[in-house]
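Take a look at the structure set out below.
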Amino acid sequence: MPVDRRRILVGLGAALAAGVVPAVAQQSARFAAIRVDAEPLAQRGGSSAATLIAQLMPGKMQDVFGDLLAPHDRGLPVLVARIDTIYMPGYADSRQGPLYGLQQDTLSGAGLVVSGRVVQAETPLHVNLPSSYSGAYYLPDIDQRRIESLCTQFAYWLRRGMQL
C-alpha cells in the first residue's frame with residue numbers, strides 16, 4: 001500500500017490543531033535542576049506544612065520531570081515548584097453550601113522556568129484531592145500522607161499544565 005503524503009500532512013495538521021505536540025518539540029524542554037520554593041507558604045503561617053513539602057516535593061518532581069533533567073548543562077533553565085497555599089480541612093468539616101460534604105485538600109502554587117534571576121515562564125496550578133484520598137484518618141501519619149498525595153498530584157499536573 002503506497003504512502004499518501006496528503007494523508008500524512010492532513011493527519012499531522014489535525015494532531016497539531018488538537019494540541020498534540022510532536023515528540024521532537026517535547027524533547028527540547030530541558031532543565032539543569034529542579035528546586036522547590038515553599039517559602040511563600042511558610043510566610044503565610046504554614047511553616048510545618050512548608051517544611052514537609054520542602055522535604056517531599058523534590059523527590060516527586062524528580063520522579064515526574066527526571067527525564068527532562070540535564071544537570072551537567074549549566075546553560076539550561078531551572079524548574080522551580082513554588083508552593084503558595086495549602087488547605088486541608090478536617091474530615092468533619094462544618095462548612096455549609098452546595099459543596100457540603102465534599103471536603104477537598106488543596107495545594108496552590110506555580111511552576112516557574114527560571115534562567116538566572118529571570119522567570120521565563122510561569123504555570124499556575126491548583127490541585128484538589130478528596131480529604132479521604134490518602135487513607136485512614138485515624139492513623140497518626142494522616143497529615144503527612146495527605147501532603148505527600150498533594151505533592152505527587154502537583155508534580156504530575158504541573159507537567160501536564162506545562163505540556164511537556
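Since this is a predicted model, take the numbers as computed values, not measurements. Each residue takes its place number in the sequence, starting with 1.
Atom CD of E148 is separated from atom CE of M57 by 11.0 Å, given to the nearest 0.5 angstrom. Note: K60 NZ to S149 OG = 8.0 Å, rounded to the nearest 0.5 Å. Interatomic distance, R146 CZ to I86 CD1, rounded to the nearest 0.5 Å: 8.5 Å.
R159 places a side-chain N or O within 3.5 Å of a backbone atom of V64 that can act as its donor or acceptor partner. In terms of modelled atom types and a separation under 3.5 Å, the side chain of R30 and the main chain of D67 share a donor-acceptor contact.
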Exercise for the section: Tell me, with the steps shown, if M162 and L79 meet side chain to side chain contact (heavy atoms under 4.5 Å, CB included). Expected result: CA-CA 11 Å; M162 294 176 76; L79 175 60; 3.7 Å; yes
Exercise for the section: Let me see the working for Q153 and N128 under side chain to side chain contact (heavy atoms under 4.5 Å, CB included), right down to the final yes or no. Expected result: CA-CA 8 Å; Q153 293 301 313; N128 292 328; over 6 Å; no
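Taking every heavy atom of both residues into account, L164 and A29 meet most closely at CD2-CB, 3.3 Å. Annotation for V36 and A54: closest pair CG1-CA, 4.4 Å, computed over non-hydrogen atoms. Nearest heavy atom pair, residue L41 against residue T85, reads CD1-CA, 3.9 Å. In plain terms, the two heavy atoms of R82 and F154 that are nearest each other are O-CZ, 4.1 Å. Closest non-hydrogen pair, D105 versus P89, comes out as OD1-CD, 3.5 Å. In terms of heavy atoms, I53 sits closest to I147 at CG1-CG2, 3.6 Å.
Clustering ILVMFWY residues whenever any of their side-chain heavy atoms sit less than 4.5 angstrom apart, transitively, puts L129 in the very cluster that holds I83. In terms of hydrophobic clustering, with Ile, Leu, Val, Met, Phe, Trp and Tyr side chains grouped at heavy-atom distances under 4.5 Å, I34 and V80 are assigned to different clusters. Cluster membership check: F31 shares its hydrophobic cluster with W157, using side-chain heavy-atom separations under 4.5 Å among Ile, Leu, Val, Met, Phe, Trp and Tyr. Residues L76 and V119 do not share a hydrophobic cluster, defined by chaining ILVMFWY side chains whose heavy atoms lie under 4.5 Å apart. One hydrophobic cluster, built from ILVMFWY side chains closer than 4.5 Å, cannot hold both M61 and V78; they sit in different ones.
The closest side-chain heavy-atom distance from M88 to T106 is not below 4.5 Å.
The number of heavy-atom neighbours closer than 6.0 Å to CZ of R44, taken from other residues, nucleotides and ligands shown, is above 12.
Sorted by first and then second residue, the salt bridge (charged side-chain N to carboxylate O under 4.0 Å, His left out) pairs involving residues 106-121 (not counting sequence neighbours) form an empty list.
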